[in-house]
Amino acid sequence: MAEGSIFRVFVFALRLVRRAKKMRVFAVLSLLPVLLAVILRLNAVASPGRGLDGLAVFGNIIVAFGLQFLVLILALFYGTSVVSEEIEGKTLTYLTIRPLPKKAVILGKYAASALVLLVLVLGSTLASFFILNLGRLDYGPAWSFLGKSLAALALGVLGYTAFFTFIGTFLKKSVLFGFFFSFGWENIVQYFPGSTQKLTLMHYLKSILPGVGETSPSVLQFLMFRLDPSPAPLAVAVLLGLTAVFLALACRVFSRKEYLFEE
Amino acid sequence: MSLVLKAEKIGKWYGNVLGLSDVTIEIGPGITGLLGPNGAGKSTLLKLLTGQLRPSIGRLTVDGRPVWNNTALFRRIGFCPEQDAFYDEVTGDEFLTGLLRLHGYAEAEARRRAGRALEIVELAGGGDRLIRGYSRGMRQRIKIAQAIAHEPEVLILDEPLSGLDPLSKRKIIRLIKDYRSEGRTVVVSSHVLPEIEALTRSIVLIHQGKILAQGDIPYIRELIDAHPHVVAVRSADPRRLGSLLVADRAVQSVSYGPEENLVTFETRQRDRFFDLLPRVVAESGLDLEEITSPDDNLQAVFDYLVGK
């Protein structure tokens, strides 16, 4: 019953998410790593003497752009919009006068946003990996690196989108708060020594990425900057648990709160 | 088939601001007009009836069951909200089909119902166009279509005639009346008396969050007629016009000025006065430049009813 309602909202929301104008902007943003990979590959072809460490570049793209920027910005705009966009656009009424449990609205819309973001982020990551590592695809650790990177990005999308969905259910200025959270808290506290960094989602995401000795030093140096990693299975469990908690909180708030539109 | 909407001593506050106070009302089959000036509390009452808001106090039921978070009830209620808001990037057909799918209808059934609703609101030709390209009248009609597409037993319409041209208004009035004739309960809000008069004889007057009066049109008309209406007329010869009308019992007082061509009448028999005026003007050959009734609006009536 509830699953059917969630699926129906998911299908309805998926169409809206795909058609939204912001989708084009974020699709272009997601393709930037692919563009960079193409430029570097062409440069390597044009200057055969200068080698391209595709895996190192890929690692930097994953951490510096993928995890610490793309996932955050996409999750911020799509997560907060699950509820706040409906309030700002005054369209929420069309959903809340249907015979649907309110949690179905949250979960269905969240699932639609998360699916679109996963396609954008993982698609772009896969494309840039293959472009950067052409000719080196038989290197075993590269595949392990790719798998862990995709897992970290996917869990990042799910976790952050759930968090921002929750924030969007009760904060009017949820995007502004989200910016401070993403580029303040998450991007600073993750570098704090000791266990303080464990108060960020980013700590657990980075803990999933390859550890020392698994790949080339240039990648490791960047990834391990002040990171005191948690065990990967624990990191995955924490991220999945937090995603579930954020979604449960979002459903709870949304079911109890009355939403008023600005005149 | 028809449901009864029942509010018992309900109140609603937005923080310290009063939205509704001590409202007790029972609405059954047929069309009920909810009439009141802007900010009177009409939309608040309708949002409470459709579960958008929760009463601060009191009990609100549809068919004996509380409305808030009662999702099963929404199969039986259709709501046309006041705000001109849509998912602009979908077509009218997609909008309706998508919302019907949320009701649990299979794709084919949702399409059939969407097509029928578009036909009813005379938008069948525009169903494949993006809503963002719709005119105001079309937007208002697609909003009504989403409210009736699942054939609810209760239809609640918040200012459905607002901002429409006369032709579109007529179409929507006919549509609402047709819906009523199928034995359903319809609640329509408006701040314009003639709009409500065109729809129903049963009205509820609401003002400053309270129900002021409830009854049929003649009763409300009586209340309104007990209130002296002021009618200002600009004429080349205002004194002659005044002298011709003052003898009739419809005219309570006549005054002149402040402008030279202005005469102001006070009447308690508004209809009689407006029958008399054109007849006298035609017979006397006087020229009229302008007729205005500065207090011929609901606000004046409400002010009168609350004793301001």
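Bear in mind the structure is a predicted one, so any value in this text is a computation, not a measurement. In what follows, every heavy atom counts, from backbone to side chain, and hydrogens, waters and symmetry copies are set aside. First the proteins, then the strands, lettered A, B, ... as listed; each starts at 1.
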Discussion item. Take a 6.0 Å sphere around OH of B/Tyr14 and say whether it holds more than 12 heavy atoms from other residues, nucleotides or ligands.
Written reply: yes

Item to complete: Look at atom NZ of A/Lys172 and say whether more than 12 heavy atoms of other residues, nucleotides or ligands are closer to it than 6.0 Å.
Response: no

Worksheet item: Can you tell me how far OH of A/Tyr259 sits from NZ of B/Lys47, rounded to the nearest 0.5 angstrom?
Response: 15.0 Å

Worksheet item: Distance under 6.0 Å and angle within 45° of the ring axis: does A/Lys102 meet both against B/Trp68?
Response: yes

Worksheet item: Going by an N to O cut-off under 4.0 Å, is there a salt bridge joining B/Lys12 and A/Glu258?
Response: yes

Worksheet item: Are more than 12 heavy atoms from other residues, nucleotides or ligands located less than 6.0 Å from atom CZ of B/Arg116?
Response: no

Discussion item. Is there a side-chain contact between B/Gln146 and A/Ile97 in this structure, where contact means two heavy atoms from C-beta onward sitting under 4.5 Å apart?
Written reply: yes

Item to complete: Would you check if B/Val90 and A/Leu16 make a side-chain contact, meaning some heavy-atom pair closer than 4.5 Å?
Response: yes

Worksheet item: A/Tyr94 side chain to B/Ala85 main-chain N or O, any donor-acceptor pair under 3.5 Å?
Response: yes

Discussion item. Under the criterion side chain to side chain contact (heavy atoms under 4.5 Å, CB included), I'd like the reasoning laid out for B/Thr50 against A/Thr93: C-alpha separation, chi angles, the key distance, then a yes or no.
Written reply: CA-CA 10 Å; B/Thr50 54; A/Thr93 313; over 6 Å; no

Discussion item. With a strict 4.5 Å heavy-atom criterion, list every residue of residues 236-256 of chain A that contacts chain B, or say none.
Written reply: A/Ser255, A/Arg256

Fill in: NZ/B/Lys6: more than 12 non-hydrogen atoms of other groups inside 6.0 Å
no

Item to complete: Count the heavy atoms belonging to other residues, nucleotides or ligands that lie under 6.0 Å from NZ of A/Lys103, then report whether that count exceeds 12.
Response: no

Item to complete: Find out whether A/Leu100 and B/Thr71 are in side-chain contact, i.e. whether some heavy atom of one side chain is under 4.5 Å from a heavy atom of the other.
Response: no

Practice prompt. Look at the side chain of B/Arg101 and the backbone N and O of A/Arg8, then say whether any donor-acceptor pair between them is shorter than 3.5 Å.
Written response: no

Worksheet item: So among A/Arg15, A/Glu86, A/Arg19, which one has a side-chain hydrogen bond (donor to acceptor under 3.5 Å, both in side chains) with B/Tyr87?
Response: A/Glu86

Worksheet, complete the sentence: Correct closest heavy-atom pair for B/Phe74 and A/Thr96 would be CE1-O, 3.7 Å

Worksheet, complete the sentence: Here the gap from A/Thr91 atom OG1 to B/Phe86 atom CZ, rounded to the nearest 0.5 Å, amounts to 10.5 Å

Worksheet item: What do you reckon, is NZ of A/Lys257 surrounded by more than 12 foreign heavy atoms closer than 6.0 Å?
Response: yes

Fill in: Side chain proximity check, A/Arg98 to B/Arg75, heavy atoms < 4.5 angstrom
no

